[in-house]
Each structure stands twice: as structure tokens, then as C-alpha cells.
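Quick note on labels: first sequence line is chain A, next is B, and so on, each numbered from 1.
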There are 2 protein chains.
Amino acid sequence: MSLDHILLALLAKPASGYDLKKEFDQGARHYWAAELAQIYPTLKKLETRGLLTSNPAGSDKGPPRRVYTRTKAGRSELLGWLKQGPLMGKQRLPYLAQLEHLYEADDLDATYNFVVQLRQHFATFGRFLSDVQLGDPEDMNDAQFHELITLQYGITACQARVAWCDESLDQIDNRRKRKETP
Amino acid sequence: MSLDHILLALLAKPASGYDLKKEFDQGARHYWAAELAQIYPTLKKLETRGLLTSNPAGSDKGPPRRVYTRTKAGRSELLGWLKQGPLMGKQRLPYLAQLEHLYEADDLDATYNFVVQLRQHFATFGRFLSDVQLGDPEDMNDAQFHELITLQYGITACQARVAWCDESLDQIDNRRKRKETP
DNA sequence: TAGTACATGTAAACAGTTACATGATTAT
DNA sequence: ATAATCATGTAACTGTTTACATGTACTA
């Protein structure tokens, strides 16, 4: 599973389940997301496998925290995962499934509006990612440099999708006009 | 769930589970994939919900087929799904998780090779999608037109990823050279 | 006093994968 | 003979989501 290894990777520094959830939500993790209900049991499982250790820690407000630390075994498990080469997984893009079959609605205006909404979504998310400023590659350590190129993936992906939306809107509009005056 | 609705959409014309699996594998379905072990029970479930009907049909070779047909209720369920607007789902890109944490291996050559492998993958898949020739938009019916713009998404996404790989390889190489001669 | 952020967890349901079982037909 | 393709299905497992349960401390 990937979540196991992502948690192992995120635990380069000790953290609690709650901390890790925030890391997923902070958008730098545009490539994966996880709920607390999945994170807590996964951390426990990793601890029983000896890849993490945990100790309770006080908290300023609210209940006590449980902070997890990666073990040597955890680190070598992580390195093994990294050495496998790129894991491609499966793409799941429900909006493309919808778009491909939107001809069933028999309404090009509906298709046009659908793509307008998609464009809006990609543009907003692209702006969100671009706002994460990481500075000049020359001043970075290796961790920051790897974060930078990963973030650039997200930004260029959004730009390419917006461009595809614009191109598609043109094509839909042309088709619409051809239907009006046949 | 999306698979329910994708199967409903694919059943614009009657087909068997086996036929539908081939449609997923034919790459035009670059946005979703499913195994037979998931397709067969899902079709049964859709039939008990009254969204599909099935009848057995002979086969030239091998055991008899079971061909599913969409009902009126099935079509309106589909239209309801399409009318919801774009469903964004969650991105799961394990290779980006690996790349962001590949600094742990402390080896820029490993990072470089990783991106070379990614580039190879995206380029190959992009060529595979480009080979699906659909012809001129003006001669198409609405179904083919929607298939075209969906396919163009896949092609431009691959091109953008290859461009990102090339840009990243440059940046990694620059960093490598800076480390050699500090 | 109501809501939000902190903080951890469990239970049940749903989604998806891997492995297995069966058996016919066609090509090598 | 052996493998590939056709064709359908089940069982066990793994992964993910939604809903629930608990309780503190601070802010509006």
C-alpha cells in the first residue's frame, strides 16, 4: 500500500496522527489525501510491525497527543519502496467519464457549462499551488528541492488542464454555431 | 459510486460484462479502469435496482454470455449523475509521493533516473493515446465529439507531464553540477 | 452559550484487488 | 499436449469513507 509508505516518509520528523492529517491538507500533498479515520489505525499497524515507535506527549489544549517516530526498520522499509521505481497506480477521473457521456443529455450548452466549471476548478487549484512560495532552487536543501519539483508538477498539470478547457470550449462553441446555421 | 454510473453510461448499447471490460482496457478509458471481479457483481446489483435488465445470449465459442440492457430508470439515473456537475474525486499519484521523498536516498542520480523512467512512461502512454485516430470534428456525431475532447485531455496531459520531466531533469542536472564543483 | 480547534479513537459500510474455480473453443 | 481467448462467477482480503463517541480549551 502507498499510504503506509507515505506516512513513513512524512515521519522524517516525529509527529502525531493529527499533525500528519494537517500535512495532507496543506496542499503540498496535492498527490494524495487521507482521513484521520484511516491514519490512526495505519500508524498503529506500522507500530506493531516495528516500523514506528510512539510515546504520549502533553498538549497545550485538548487531550494528550501520541507522537510517532520512525525506527531504523521503518527507514529501510521506506528506502525499499523508493527504490522500486515509479509506481503508476490507476487514474480515476470521474469528471472525464461524465464529459465523455454527456452527449446523452443531448445539449451542447450543458457540455459547455460543464467545461466552464472544470476550468474554474483547475484555475483555482493552480492558483492555490502557485501561492506556495518555495524560493530559489540554489538556496535549497535536497528535501526542499524535491518538494519544489513535485509542486511544479501540480502547477504545470493545472495549467495544461486550463489550456485544454479553453481549447475544448472553442471546439464546443464552433460545433454549436454549426448546428444553429446548418 | 462512479463505477455504477460509468457502466450505465457504457451500456448505451447492450453488452456483457466481458465486453465492458474490453472497453475499459481499450485505453479510450484512460480515466478509469475496473476488473471483471468488480464488473460482474456491480452489473447484478444494478439489475436488482431495476436500472438494467439482462438476458442470456449464445456465444460462438465458450460459455453463454449474459447481455445487459439499460432500462428507462437506468437512463434517468445516468442523467442525474451527469447533471451533478464535475465530480473531482481524489488524486492518487504514488510516484509523486516517491519523488518528493526521494531526497531520503541522498542520491541525485537516483532522482534523475526516477524522472527518466517517468518520462518514458508518459511518452509511451501519450503515443498510445495519440494513435487512436478519430478524424475531423466536423464529420462526427455528438458521441464521437465528446469522445474526442476526452481523449485530447489525455494526450495534452501526457505532453505536459513529459515537458515537466524535461524541465525537472534540467534542474536536477544543474544541481548535480553545482554539487560537483561547489 | 455556541462554535471552533485540539486530539484520539472505533464501527460499519462501501470500494476495489487478488486469487481461485469452471469449462468451451481455437490455434500452435 | 499446451496455451490463449472466450465467458462467468465467488471468496477472501485490503483500502477508504462516513458516522459516531469523547472530552478540553479558547474565542465570539
Side-chain angles (χ1 to χ4, degrees), chain A residues 1-8 10-11 14-26 29 31-49 52-68 81 87-94 97, chain B residues 1-8 10-11 14-26 29 31-49 52-68 81 87-94 97:
Chain A
M1 212 233 306
S2 285
L3 181 63
D4 297 42
H5 294 102
I6 292 173
L7 291 176
L8 240 27
L10 256 21
L11 283 167
S16 69
Y18 198 83
D19 296 335
L20 293 165
K21 170 61 174 160
K22 274 186 289 181
E23 290 222 51
F24 279 112
D25 293 343
Q26 265 161 227
R29 270 75 212 185
Y31 49 75
W32 203 277
E35 302 303 320
L36 280 170
Q38 200 188 354
I39 293 170
Y40 287 126
T42 303
L43 290 171
K44 279 198 168 180
K45 190 187 71 181
L46 258 14
E47 190 177 17
T48 56
R49 286 177 57 199
L52 298 175
T53 53
S54 77
N55 32 26
S59 177
D60 293 347
K61 51 179 183 174
R65 296 152 46 77
R66 176 162 293 275
V67 173
Y68 287 87
W81 180 66
L87 296 169
M88 301 309 301
K90 276 188 182 172
Q91 285 216 79
R92 261 130 215 290
L93 305 173
Chain B
M1 214 236 299
S2 285
L3 181 61
D4 298 42
H5 295 102
I6 293 173
L7 291 176
L8 239 28
L10 256 19
L11 283 167
S16 69
Y18 198 84
D19 295 336
L20 293 165
K21 170 60 174 161
K22 276 186 287 178
E23 290 222 51
F24 279 113
D25 292 344
Q26 264 163 228
R29 269 77 211 182
Y31 49 76
W32 203 277
E35 302 302 321
L36 280 170
Q38 200 188 357
I39 293 169
Y40 287 126
T42 303
L43 290 171
K44 279 198 170 180
K45 190 187 70 183
L46 258 14
E47 190 176 17
T48 58
R49 286 177 56 198
L52 298 175
T53 52
S54 76
N55 32 26
S59 177
D60 291 348
K61 51 178 186 174
R65 297 152 47 77
R66 175 163 295 273
V67 173
Y68 287 88
W81 180 66
L87 296 168
M88 301 310 299
K90 277 189 182 173
Q91 284 217 80
R92 260 127 216 288
L93 305 174

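Considering only side-chain N and O atoms, Lys21(A) lies nowhere under 4.0 angstrom from the phosphate OP1 or OP2 of dT8(C). Dashed line: the shortest gap from a side-chain N or O of Tyr40(B) to OP1 or OP2 of dG9(D) is not under 4.0 Å. When the side-chain nitrogen and oxygen atoms of Arg92(B) are compared with OP1 and OP2 of dG15(D), none of them lie within a distance under 4.0 Å. For Lys44(A) and dT10(C), the shortest distance from a side-chain N or O to OP1 or OP2 is below 4.0 Å.
Residue Ser16(B) is classed as a sugar-phosphate contact, given heavy-atom separations below 4.0 Å to backbone atoms only.
Listed candidates were dT8(D), dT10(D), dG15(D). Nearest to the side chain of Met1(A) is dG15(D). Taking only side-chain atoms of Arg66(A), from C-beta outward, the nucleotide of dG9(C), dT10(D), dG9(D) with the closest atom is dG9(C). Of the candidates dT10(C), dC6(D), dA5(C), the closest approach to any side-chain atom of Tyr18(A) belongs to dA5(C). Relative to the side chain of Tyr68(B), the nucleotides dG9(D), dT8(D), dT8(C) differ in distance, and dG9(D) lies closest. Distances from the side chain of Ala37(A) to the nucleotides dT17(C), dA15(C), dT18(D) place dT18(D) closest. Considering only the side chain of Lys90(B), dT17(D) comes nearest among dT8(C), dG23(D), dT17(D).
Only one option out of Leu7(A), Leu52(A), Leu20(A) pairs with Thr42(A) in a side-chain contact (heavy atoms from CB on, under 4.5 Å); it is Leu7(A). When each of Asp4(B), Leu8(B), Ile6(B) is checked for a side-chain contact (heavy atoms from CB on, under 4.5 Å) with Trp81(B), only Ile6(B) meets the rule.
Between Pro63(B) and Ala34(B), the one whose closest nucleotide on DNA chain C sits nearer the 5' end is Ala34(B). For the pair Pro41(B) and Arg65(B), both in contact range of DNA chain D, the more 5′-proximal nearest nucleotide belongs to Arg65(B).
For the pair Glu47(A) CD and dT8(C) P, the computed distance is 13 Å after rounding to whole Å. Computed from coordinates, the Leu36(B) CG to dT10(D) P distance equals 13 Å when rounded to whole Å. To the nearest angstrom, C1' of dT10(C) lies 16 Å from CD1 of Ile39(A). As rounded to whole Å, 14 Å separates atom C1' of dT5(D) from atom CG of Asp19(B). Distance Lys22(A) NZ to dA5(C) P: 11 Å, rounded to the nearest Å. Distance CD (Gln38(A)) to P (dA13(C)): 19 Å, rounded to an integer number of Å. Rounded to an integer number of Å, the gap from CD1 of Ile6(A) to P of dG15(D) is 12 Å.
At a threshold of 4.5 Å between non-hydrogen side-chain atoms, the residues Ile39(B) and Phe24(B) count as touching.
With hydrogens and angles ignored, the 3.5 Å screen pairs no side-chain donor or acceptor of Lys90(A) with any backbone N or O of Trp32(B). Between the side chain of Asp25(B) and the main chain of Lys22(B), no donor-acceptor pair closer than 3.5 Å is present.
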